[in-house]
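Step one of this worksheet: look at the structure below.
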There are 2 protein chains.
Amino acid sequence: MAGPISGRSRGAKARGVEESGEPVESVVEILDCAAQCFMEMGFQGTSIDDVARRLDATKGRIYYYYTSKANLFFDVHREGMNRLMVAVRAVMTPSADGAQTLLAMIEAHALTMMQNIAYEAVVVQGVHMHRLGATTPEQRRILDELMAVRREFEALFAGVIRQGQADGSLRAGDVSVCVKSILGAVNWMAVWYRPRAGETVEHQRRMARDIALQQIHGLAGPGAHSQ
Amino acid sequence: MAGPISGRSRGAKARGVEESGEPVESVVEILDCAAQCFMEMGFQGTSIDDVARRLDATKGRIYYYYTSKANLFFDVHREGMNRLMVAVRAVMTPSADGAQTLLAMIEAHALTMMQNIAYEAVVVQGVHMHRLGATTPEQRRILDELMAVRREFEALFAGVIRQGQADGSLRAGDVSVCVKSILGAVNWMAVWYRPRAGETVEHQRRMARDIALQQIHGLAGPGAHSQ
DNA sequence: GTCTATAGGCTGATAGAC
DNA sequence: GTCTATCAGCCTATAGAC
């Protein structure tokens with residue numbers, strides 16, 4: 001489930017990861033606190049001391065597992081991206097037509113955003129930062145790797161849209177712009193969505209479905225009689 | 001066209017603004033360079049020296065017109081927001097039905113994004129930063145003022161959607177989520193859109209129309225035969 | 001108006017005790 | 001493993017020359 005840790009490079013293996021590949025609890029705690037901080041204050045607005053304070057610790061702890069703030073950010077990003085990938089891939093059923101599959105994918109994307117808002121807010125920030133050149137060559141390498149996964153993710157949507165255009169369930173148009181608009185509508189949740197106290201999973205599912213339906217059928221869709 | 005300058009508070013009137021209310025050229029230059037820097041590196045990632053370097057000047061020039069980096073950011077934000085407001089209000093014709101008006105508004109919004117990408121990228125960042133508490137009380141006041149304009153902007157869309165639901169041209173649903181999805185799709189352009197060399201206005205108009213049509217009619221809209 | 005010089009604060013990262 | 005102490009660099013903002 002968890003990917004590699006991009007922290008330490010010295011030593012035989014990256015610290016903070018067991019033989020099984022599962023990260024140790026300390027690392028999960030750090031990632032959770034970092035995700036929260038990055039969501040609330042942004043990458044540049046968050047200091048390592050901020051993350052440490054939320055951990056009830058000092059930065060010594062964090063620097064034992066991560067060589068830099070950037071690598072910590074990248075690990076949160078990677079985890080958020082993985083969760084999105086898993087959720088969206090799980091609902092891709094080859095038997096359905098393009099429109100049906102796309103609806104399910106958008107729904108899964110939106111639901112994952114809501115249930116992992118801190119991690120996904122970091123993913124959205126990371127996509128933003130992509131243009132902002134990462135400083136060191138090492139960081140550039142990691143960011144490139146993350147962006148490759150991002151492109152893979154977007155390609156899933158593009159592929160299904162092309163399939164839908166071929167089977168006639170989706171209308172023709174510039175696939176690239178279609179994908180960006182849909183993902184934009186969902187990614188924007190990172191800005192406005194925060195779970196309300198006592199919010200149920202049913203409520204989240206309903207909202208995810210509403211968002212997906214709107215993207216597939218439009219605001220003037222079935223049920224309206226537009227001129 | 002230009003709003004007040006949120007920079008200096010000392011002196012009889014804000015510097016950098018003529019009696020007519022038009023900002024002087026120096027201020028426009030500063031705003032343009034600042035908008036570019038903020039777009040490329042973010043608010044926190046941009047130093048005043050960065051803006052000065054782009055101006056071919058030193059920061060003394062900037063601090064003559066603005067008391068702080070935050071106030072500079074706010075002025076760029078205000079200008080971007082004004083341009084959006086003007087463009088969207090201009091296409092709101094009471095005679096049309098809700099769906100038609102909404103289509104025109106989204107189109108105008110998207111086109112304004114493309115033609116003012118640096119300023120609008122700052123607006124998008126500002127909405128993002130809204131949660132991030134501004135530090136000083138003075139900055140909090142300005143940010144609150146900008147967010148009030150933002151809410152007014154979103155209310156324009158919400159009002160037209162309600163109108164469309166009443167006249168039957170738009171289907172029922174949670175208006176708030178509808179608005180956020182639509183604006184998210186368009187705002188996301190701040191992340192991915194950059195003008196290509198030799199891009200014509202016709203090309204921009206076509207793209208704006210495509211985006212608007214997709215939001216109104218959906219991807220499985222007229223022309224597709226979804227199950 | 002614009003520049004140079006600099007004060008003062010914050011932060012990323014490291015060294016070394018425990 | 002985690003902490004304390006600290007350094008070095010950067011950045012905002014100001015003071016004062018021109």
Side-chain angles (χ1 to χ4, degrees), chain A residues 5-18 23-31 33-34 37-38 41-76 129 132-136 138-139, chain B residues 5-18 23-31 33-34 37-38 41-75 132-136 138-139:
Chain A
I5 300 296
S6 52
R8 302 268 150 183
S9 53
R10 60 175 122 112
K13 66 181 173 87
R15 277 192 246 193
V17 180
E18 299 286 0
V24 295
E25 197 190 345
S26 310
V27 170
V28 175
E29 277 173 20
I30 292 174
L31 288 178
C33 291
C37 288
F38 289 142
M41 302 179 288
F43 174 69
Q44 325 233 30
T46 299
S47 74
I48 294 287
D49 281 317
D50 289 329
V51 180
R53 201 174 306 122
R54 192 178 284 250
L55 265 172
D56 262 321
T58 62
K59 51 185 162 192
R61 180 127 118 230
I62 295 168
Y63 277 110
Y64 176 74
Y65 293 99
Y66 288 94
T67 54
S68 72
K69 186 169 89 157
N71 284 333
L72 175 57
F73 182 88
F74 292 148
D75 246 28
V76 175
M129 282 170 62
L132 289 54
T135 38
T136 74
E138 161 75 355
Q139 288 170 11
Chain B
I5 299 296
S6 52
R8 302 270 149 182
S9 53
R10 59 175 122 110
K13 67 178 174 91
R15 278 192 245 195
V17 180
E18 299 286 0
V24 295
E25 197 190 345
S26 312
V27 170
V28 175
E29 278 174 19
I30 292 174
L31 288 177
C33 290
C37 287
F38 289 143
M41 301 178 289
F43 174 70
Q44 326 233 29
T46 299
S47 74
I48 295 287
D49 281 316
D50 289 329
V51 180
R53 200 173 307 124
R54 192 178 284 248
L55 265 172
D56 263 321
T58 62
K59 51 187 161 194
R61 179 126 119 231
I62 294 167
Y63 277 109
Y64 177 74
Y65 293 98
Y66 287 94
T67 54
S68 71
K69 186 169 88 157
N71 283 333
L72 175 55
F73 183 87
F74 292 148
D75 245 27
L132 288 56
T135 38
T136 74
E138 161 76 356
Q139 288 170 12

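The sequence lines fix the lettering, A, B, ..., with proteins before strands; numbering per chain opens at 1. Everything quoted here is computed from the prediction, not taken from an experiment.
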Report the distance from atom CD1 of A:Ile62 to atom C1' of C:dT14, rounded to the nearest whole Å. 15 Å
Using a cut-off of strictly less than 4.0 Å between a heavy atom of the residue and any atom of DNA chain C, enumerate the qualifying residues of residues 43-58 of chain A by number. A:Thr46, A:Ser47, A:Ile48
Which protein N or O atoms sit under 3.5 Å from an N or O of nucleotides 16-18 of chain C?
none

Of the candidates C:dA13, C:dT2, D:dG1, the side chain of B:Arg61 sits closest to C:dT2
Which whole-number value in Å describes the distance from B:Lys69 NZ to D:dC11 C1'? 8 Å
Can you tell me the distance, in whole Å, between the OH atom of A:Tyr64 and the P atom of C:dT14? 15 Å
So, taking the atom named CZ in A:Phe74 and the one named CE in A:Met129, what distance separates them when rounded to the nearest 0.5 Å? 6.0 Å
Smallest heavy-atom separation, B:Leu55 atom then B:Ile30 atom, equals CD1-CG1, 3.7 Å
Does any non-hydrogen side-chain atom of A:Tyr66 lie less than 4.5 Å from one of A:Val27? yes
Do A:Val51 and A:Thr46 have side chains that approach each other closer than 4.5 Å (heavy atoms only, starting at C-beta)? yes
Rounded to whole Å, how long is the line connecting atom CG of A:Leu72 with atom C1' of C:dT11? 15 Å
Under 4.0 Å between a side-chain N or O of B:Tyr65 and OP1 or OP2 of C:dG1? no
Side chain to side chain contact (heavy atoms under 4.5 Å, CB included) between B:Gln139 and B:Ser68, worked out: CA-CA 10 Å; B:Gln139 288 170 12; B:Ser68 71; 4.1 Å; yes
Between C:dG12 atom P and A:Phe73 atom CZ, what is the distance in whole Å? 14 Å
Classify the angle between the aromatic ring planes of B:Phe43 and B:Phe73 as parallel (below 30°), tilted (30 to 60°) or perpendicular (above 60°). perpendicular
Salt bridge (charged side-chain N to carboxylate O under 4.0 Å, His left out) contacts touching residues 54-73 of chain A (sequence neighbours left out): A:Glu40-A:Arg54, A:Asp49-A:Lys59
Atom CG in A:Asp50, atom CZ in A:Phe38: separation rounded to 0.5 Å? 9.5 Å
A:Leu72 versus A:Leu31: any side-chain heavy-atom pair under 4.5 Å? yes
Please give, in whole Å, the distance from C:dA13 C1' to A:Tyr66 OH? 17 Å
